[in-house]
Amino acid sequence: MPAAPRSKPLKRPTQARSKFTVQAIYDAFVRIWRAQGWEGVTTRAVALETGIAVGTFYDYFPDKEALLSGYVRHCVEALLARLDADVIAPSDIDWRERTQRLVRLTCDTRIDGLPAFDHEMLMLEHRVAEPKHHRRVYDELLARWTQAFAACRDLQPPPSPDTVQALLTAAWGGRRYRLLVQPDDAASDAWVAEMEAMVMARLLAAR
C-alpha cells in the first residue's frame, strides 16, 4: 500500500501581515509544546494562545501535523538565512573566523535568534519528513558550506568538494544524533568546540 500523504501547510506567507501571523503561530506552538508536550498541541489551543480565530489558523494549517511540518521547514530556513548573513556575506573576517561561525551555527542547537528545535521535536519529525525532504536539506546545507569556503579567499588551497561534504556530514549528522541522545549542555559545549577544532585541523593539514 502507498504511504499516506503527509499533511502540509496550505500556503506560505508572502505579505508582512501574514508573515507576522505565522510567526506568532509558531511562537505559540513552541510555548504550548514546552509546557504540555505534543498531546497539548491542538489547533484550538494554538489559535487561542496566538490570539487569532481558529478559522485564521486553518487558512495556513489544516491540522497540527501540518503545523509541525511548517515549523520544521521554518527552522531550516532560519538556519540557512543565518549562514548566509553571518558566514557567507561578511567580507571583513578571515577564514578562521568564517569557519568557526560555520561550524558553530551548523552544530549548536542553542544559538540565540534561531527557532527552538529539541529532542521531542526530532522524535516526531518522521510524521512530516520524507527522505526527499532530508535530501533537500542536506543539499541546501552543502551549498552553503561550499559557498562559505569559496568566500575564504585567504585559505589556500581551498578544501576539495569531497572534504567539504565529509565535514558537513560529520557536523550535521553529529548534531542530529546528539539531539537523539540528549546530552547535557556542558557536554554539548565541549562537543561543538571539538567539532570546530576538528574542522580547523583538517583545513590546516592541507596547507
Interatomic distance, Gln147 atom CD to Asp84 atom CG [nearest 0.5 angstrom]: 6.5 Å

Using modelled atom types only, decide if a donor and an acceptor are shared between the side chain of Lys64 and the backbone of Trp38 within a distance under 3.5 Å. yes

Check this for me, if you would: do Arg135 and Asp139 make a salt bridge, where the nitrogen-to-carboxylate-oxygen distance has to be below 4.0 angstrom? yes

Are Leu68 and Trp33 close enough that some pair of their side-chain heavy atoms sits under 4.5 Å apart? yes

Out of curiosity, does Leu80 fall in the hydrophobic cluster containing Val164 (side-chain heavy atoms, cut-off under 4.5 Å, transitive links)? yes

Arg31 CZ to Thr50 OG1 distance, which is reported to the nearest 0.5 Å: 7.0 Å

Checking side-chain contact (heavy atoms from CB on, under 4.5 Å) for the pair Gln23/His74: CA distance, chi angles, key distance, verdict? CA-CA 9 Å; Gln23 182 61 58; His74 168 64; 3.3 Å; yes

Would you say Tyr58 and Phe20 are hydrophobically clustered, going by side-chain heavy atoms of ILVMFWY under 4.5 Å? no

Less than 4.5 Å apart, any side-chain heavy atom of Arg110 and any of Asp189? yes

May I ask you to say whether Arg73 pairs ionically with Glu140, meaning some side-chain N is under 4.0 Å from a carboxylate O? yes

Do the side chains of Leu122 and Val181 join up, straight or via other hydrophobic residues, at under 4.5 Å, putting them in one cluster? yes

Might you point out which heavy atoms bring Leu79 and Leu105 nearest each other, and give the distance in Å? CD1-O, 3.4 Å

Is His133 reaching over with its side chain to a backbone N or O of Glu130, donor-acceptor style, under 3.5 angstrom? yes

By side chain to side chain contact (heavy atoms under 4.5 Å, CB included), Cys75 pairs with (sequence neighbours left out) Tyr71, Pro115, Phe117

What distance do Thr21 atom OG1 and Asp59 atom CG have between them, rounded to the nearest 0.5 Å? 9.5 Å

Look at the side-chain heavy atoms of Ile, Leu, Val, Met, Phe, Trp and Tyr, link any pair under 4.5 Å apart, and say whether Val30 and Val76 land in one connected group. no

Return the orientation label for the Phe61 and Tyr26 ring planes: parallel under 30°, perpendicular over 60°, tilted otherwise. tilted

Quick one, Thr106 with Arg175, criterion side-chain contact (heavy atoms from CB on, under 4.5 Å). Give me CA distance, side-chain angles, the key distance, then yes/no. CA-CA 8 Å; Thr106 303; Arg175 168 192 169 123; 5.5 Å; no

Steps toward side-chain contact (heavy atoms from CB on, under 4.5 Å) verdict (Arg44, Leu48): CA-CA 6 Å; Arg44 179 175 176 78; Leu48 288 173; 4.0 Å; yes

Minimum heavy-atom separation for Ile88 and Arg98, please, with both atom names. O-NH1, 3.5 Å

Is there a side-chain contact between Met121 and Val72 (heavy atoms, below 4.5 Å)? no

Determine yes or no for a side-chain-to-main-chain donor-acceptor pair under 3.5 angstrom, with Arg101 supplying the side chain and Asp86 the backbone. yes

Measure the shortest side-chain to side-chain distance between Met123 and Leu180 over non-hydrogen atoms and say whether it is less than 4.5 angstrom. yes

Return yes when atom CD of Gln15 has more than 12 non-hydrogen atoms of other residues, nucleotides or ligands closer than 6.0 Å, and no otherwise. no

Distance from Met198 atom CE to Leu167 atom CG, nearest 0.5 Å? 6.0 Å

Minimum-distance pair of heavy atoms, taken over all atoms of Ile111 and Asp108: CG1-O, 3.5 Å

So if I apply the side chain to side chain contact (heavy atoms under 4.5 Å, CB included) rule between Gln165 and each of Thr163, Thr169, Leu168, which one comes out positive? Thr169

Within one Ile-Leu-Val-Met-Phe-Trp-Tyr cluster: Phe29 and Leu124, side-chain cutoff 4.5 Å: yes

Restricting to side chain to side chain contact (heavy atoms under 4.5 Å, CB included), what partner residues turn up for Asp154, sequence neighbours left out? Asp94, Trp95, Cys152

Pairwise distance CZ(Arg104) to CD(Glu196) - rounded to 0.5 angstrom: 4.5 Å

What are the two closest non-hydrogen atoms of Ala28 and Val46, and how far apart are they? CB-O, 4.0 Å

Specify the closest pair of heavy atoms between Pro90 and Ala85, including all atoms of both residues, with the distance to one decimal. CD-O, 3.4 Å

Between CG of Leu179 and CG of Asp118, what distance do you get to the nearest 0.5 Å? 7.5 Å

Closest heavy-atom pair, Arg82 versus Asp112, reported as atoms and distance to 0.1 Å, is NH1-O, 2.9 Å

Does a side-chain heavy-atom distance below 4.5 Å link Ile25 with Thr56? no

Taking the side chain from Arg178 and the backbone from Ala187, do they hold a donor-acceptor pair closer than 3.5 Å? yes

